[in-house]
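Below: the structure, in structure tokens.
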Amino acid sequence: MNYYLFQIKSAFEDFKRNKTRTILASLGILIGVLSVVMLIALGIGFKNYISGQFEGLGTNLIIVFPGAGLSQGAQNFGAGFAGGAEFDERDLRALERIEAAQYVVPMFLKSGLIETNENEEFGYILGTNEQMFDLGAIEPYAGELLDRSDIQLRSKDVVLGYTLAEKLFNIPESAVGKIVRFGNQRFRVKGVAEKEGDPQVDGAVIMSYRTTFGSINPKKTFFNLQVGADPDANLEEVKREIEKALLNRYDEDEFSVSDQDELLGVVDQIFGVLNGVLVAIGSISLLVGGIGIMNIMYANVTERTKEIGIRRAIGATKRDIITQFITESVLLSLFGGLLGLLIAVLIIAVVRPFFPVALNLVAIVAAVGISTGIGVFFGVFPARRAANLTPIEAIRYE
């Protein structure tokens with residue numbers, strides 16, 4: 001134990017003599033660890049955000065998507081939206097006949113430029129029905145929400161999402177009664193919805209799905225159908241009834257019926273893969289930092305060649321020299337890693353009130369473990385070079 005404490009003490013004494021070199025050597029590892037930890041934290045943050053959006057819709061939510069992607073897992077997630085059923089009003093009516101379906105909500109979404117006389121902003125056209133507000137527990141911020149007559153009569157009255165209303169009119173409540181345009185169509189703002197935290201809803205012009213039929217939605221189809229099951233109903237039984245109703249028109253692989261737990265499971269799989277990719281990208285910075293430490297340690301060996309020769313001449317073994325330089329390399333890496341971790345924690349603490357980023361045990365262990373491992377790996381080569389110097393040649397080195 002005393003032997004290793006002596007090596008650590010010697011390393012710190014060398015660091016004090018060469019403060020600039022110590023900082024530069026650790027900087028690469030600091031940046032690498034900071035990158036890895038922040039990328040993991042952001043991945044967790046996005047997962048938490050999406051999970052929160054689903055959970056906010058309640059546990060009795062069922063979503064019917066075109067294609068079979070969700071029912072087959074995350075590996076086919078994208079393929080599920082590439083083809084399959086094209087839902088229309090006939091499917092909406094079929095699901096409305098299910099007794100345990102408390103709400104049945106069609107969703108049509110199209111992006112584009114929303115204009116007023118003074119401003120224009122990128123936003124969404126969200127074609128739906130009045131039940132969307134009950135299903136999503138959306139309350140009016142100003143004015144009124146759409147009602148059944150607006151849906152049935154293809155009303156030109158619309159509801160603006162809070163964020164879009166704020167961008168277009170500065171004061172959201174002032175949007176009520178004003179006109180907005182999409183393409184060559186004009187709509188009157190009936191109300192502004194409370195801020196939901198969902199960018200698509202907050203940035204949307206919400207209108208009757210029937211009003212979109214024509215130039216906006218010429219095929220009269222829906223992106224998905226959302227079903228709010230009765231709280232007392234058996235969710236699996238409701239899903240089977242939905243499947244039975246849709247199988248009258250479509251093949252089994254043309255649609256998928258998923259509840260919240262299944263959706264969250266897919267989100268977990270997707271972000272598991274995403275986190276792996278993000279860590280791999282961040283690891284490039286760690287590799288560069290490790291090479292930087294190796295280069296500085298090689299320069300260190302060259303500068304201290306005479307010192308190494310004197311130590312060997314008075315009895316230091318090759319093992320002593322190797323241990324000395326590996327200890328210095330590990331401490332440099334560990335110092336950079338811990339400092340990078342500390343900076344990441346401070347950044348997360350600042351960002352967390354605005355976005356649900358988080359730090360988990362894996363990120364902490366990875367930061368400390370990887371930085372230590374890099375110190376050992378990249379410290380071996382210069383350490384072996386130092387140990388292989390013959391005492392006489394080292395002492396005579398100028």
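Keep in mind that this is a model prediction, so the values were computed, not measured.
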Exercise for review: Verify side chain to side chain contact (heavy atoms under 4.5 Å, CB included) between L164 and E121, making sure each step is shown before the conclusion.
Suggested key: CA-CA 8 Å; L164 183 60; E121 288 289 340; 4.0 Å; yes
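- L61 contributes atom CG, which lies 4.5 Å from atom CD1 of I63 (distance to the nearest 0.5 angstrom).
- V205 places none of its side-chain heavy atoms less than 4.5 Å from the side chain of L126.
- Contact annotation: the side chain of L246 approaches that of D91 to within less than 4.5 Å [non-hydrogen atoms, C-beta and beyond].
- S35 pairs by the side chain to side chain contact (heavy atoms under 4.5 Å, CB included) definition with I31, S285, not counting sequence neighbours.
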Exercise answer: donor-acceptor pairs, residues 213-220 side-chain atoms, under 3.5 Å, sequence neighbours excluded:
from, atom 1, to, atom 2, distance (Å)
S215, OG, Q185, NE2, 2.9
N217, OD1, K220, N, 3.2
N217, OD1, T221, N, 3.4
N217, ND2, T221, O, 3.0
K219, NZ, E86, OE2, 2.7

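- Taking CG from N129 and CG from L146, the interatomic distance works out to 9.5 Å, rounded to the nearest 0.5 Å.
- Contact annotation: the side chain of F87 never approaches that of F65 to less than 4.5 Å [non-hydrogen atoms, C-beta and beyond].
- Side chain of D230 to main chain of D232: a donor-acceptor pair is present (N/O by atom type, distance under 3.5 Å, no hydrogens or angles).
- Taken to the nearest 0.5 Å, the CD1 atom of I62 stands 8.0 Å off from the CD atom of E236.
- Within 6.0 Å of CG on L346 lie more than 12 heavy atoms contributed by other residues, nucleotides or ligands.
- One finds no salt bridge joining E241 and K244 here, because no Lys/Arg side-chain nitrogen approaches an Asp/Glu carboxylate oxygen to under 4.0 Å.
- Taking all atoms of both residues into account, the shortest heavy-atom contact from Q102 to A229 is OE1-O, 3.8 Å.
- Under the side chain to side chain donor-acceptor pair (under 3.5 Å) criterion, R186 pairs with no residue at all, not counting sequence neighbours.
- L113 and V158 are members of different hydrophobic clusters when ILVMFWY side chains are connected at heavy-atom separations under 4.5 Å.
- Heavy-atom minimum distance, A175 versus A165: CB-CB, 4.3 Å.
- For E89, the side chain to side chain donor-acceptor pair (under 3.5 Å) criterion is met by R93, Y209, R210, not counting sequence neighbours.
- Using a 4.5 Å cut-off on side-chain heavy atoms (C-beta onward), R188 and I179 make contact.
- Interatomic distance, L95 CG to R97 CZ, rounded to the nearest 0.5 Å: 9.0 Å.
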Check your understanding: Can you check side chain to side chain contact (heavy atoms under 4.5 Å, CB included) on T128 and F222, steps first, answer last?
Key -> CA-CA 9 Å; T128 185; F222 307 126; over 6 Å; no
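- Residues M207 and D157 are not in side-chain contact: their nearest non-hydrogen atoms beyond the backbone lie 4.5 Å or more apart.
- Residues forming a side chain to side chain donor-acceptor pair (under 3.5 Å) with R154 (at least two apart in sequence, or on another chain): none.
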Practice item. Could you go through the side chain to side chain contact (heavy atoms under 4.5 Å, CB included) check for D88 and R249 one step at a time? Key: CA-CA 11 Å; D88 55 25; R249 292 189 68 189; 2.8 Å; yes
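- The backbone N or O of S155 sits nowhere less than 3.5 Å from a side-chain atom of S208 that would complete a donor-acceptor pair.
- Not counting sequence neighbours, the partners of L39 by the side chain to side chain contact (heavy atoms under 4.5 Å, CB included) test are L278.
- Applying the side chain to side chain contact (heavy atoms under 4.5 Å, CB included) criterion to D202, with sequence neighbours excluded, gives T163, K195, E196.
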Exercise for review: Using the side chain to side chain contact (heavy atoms under 4.5 Å, CB included) rule, take E194 and I138 through it: C-alpha gap first, then chi angles, then the decisive distance, then the call.
Suggested key: CA-CA 7 Å; E194 285 275 9; I138 299 173; 5.6 Å; no
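- Taking 4.5 Å as the limit, some side-chain heavy atom of K239 sits within range of a side-chain heavy atom of D259.
- Using a 4.0 Å cut-off between charged side-chain N and carboxylate O, R240 and E243 make no salt bridge.
- Side-chain atoms of R181 and N117 form a donor-acceptor pair, as typed in the model, at a separation below 3.5 Å.
- L334 pairs by the side chain to side chain contact (heavy atoms under 4.5 Å, CB included) definition with L338, V368, S371, T372, not counting sequence neighbours.
- Side-chain atoms of I242 and I98, non-hydrogen and from C-beta on, do get closer than 4.5 Å to each other.
- Between V33 and G337, the shortest heavy-atom contact is CG1-O, 3.4 Å.
- Shown here for A85 and P66, the closest heavy-atom pair between the two residues is O-CB, 3.2 Å.
- L225 is not listed as a side-chain neighbour of M107, based on a closest heavy-atom distance of 4.5 Å or more.
- In terms of heavy-atom proximity, I348 sits nearest to A41 at CD1-CB, 3.6 Å.
- Within the structure, ring pair (Phe, Tyr, Trp, His ring centres under 6.0 Å) pairs that include any residue of residues 108-155 comprise F122-Y124, Y141-Y162 (at least two apart or interchain).
- Listed by first then second residue, pairs satisfying ring pair (Phe, Tyr, Trp, His ring centres under 6.0 Å) with a partner in residues 181-202 number zero, not counting sequence neighbours.
- Partner V37 forms a side-chain contact (heavy atoms from CB on, under 4.5 Å) with one of L341, L42, I347 and no other, that one being L341.
- Smallest separation of non-hydrogen atoms from L92 and P106: CD1-CD, 3.9 Å.
- L145 and L153 are assigned to two separate hydrophobic clusters, defined by single-linkage of ILVMFWY side chains at heavy-atom distances under 4.5 Å.
- A distance of 10.5 Å separates CD in Q152 from CG in D147, rounded to the nearest 0.5 Å.
- Residues passing the side chain to side chain donor-acceptor pair (under 3.5 Å) test with N184, sequence neighbours excluded: none.
- Shown here are the ring pair (Phe, Tyr, Trp, His ring centres under 6.0 Å) partners of Y103, two or more places apart in sequence or in another chain: there are none.
- For the atom pair CD1 (I343) and CE (M38), the distance works out to 11.0 Å, reported to the nearest 0.5 Å.
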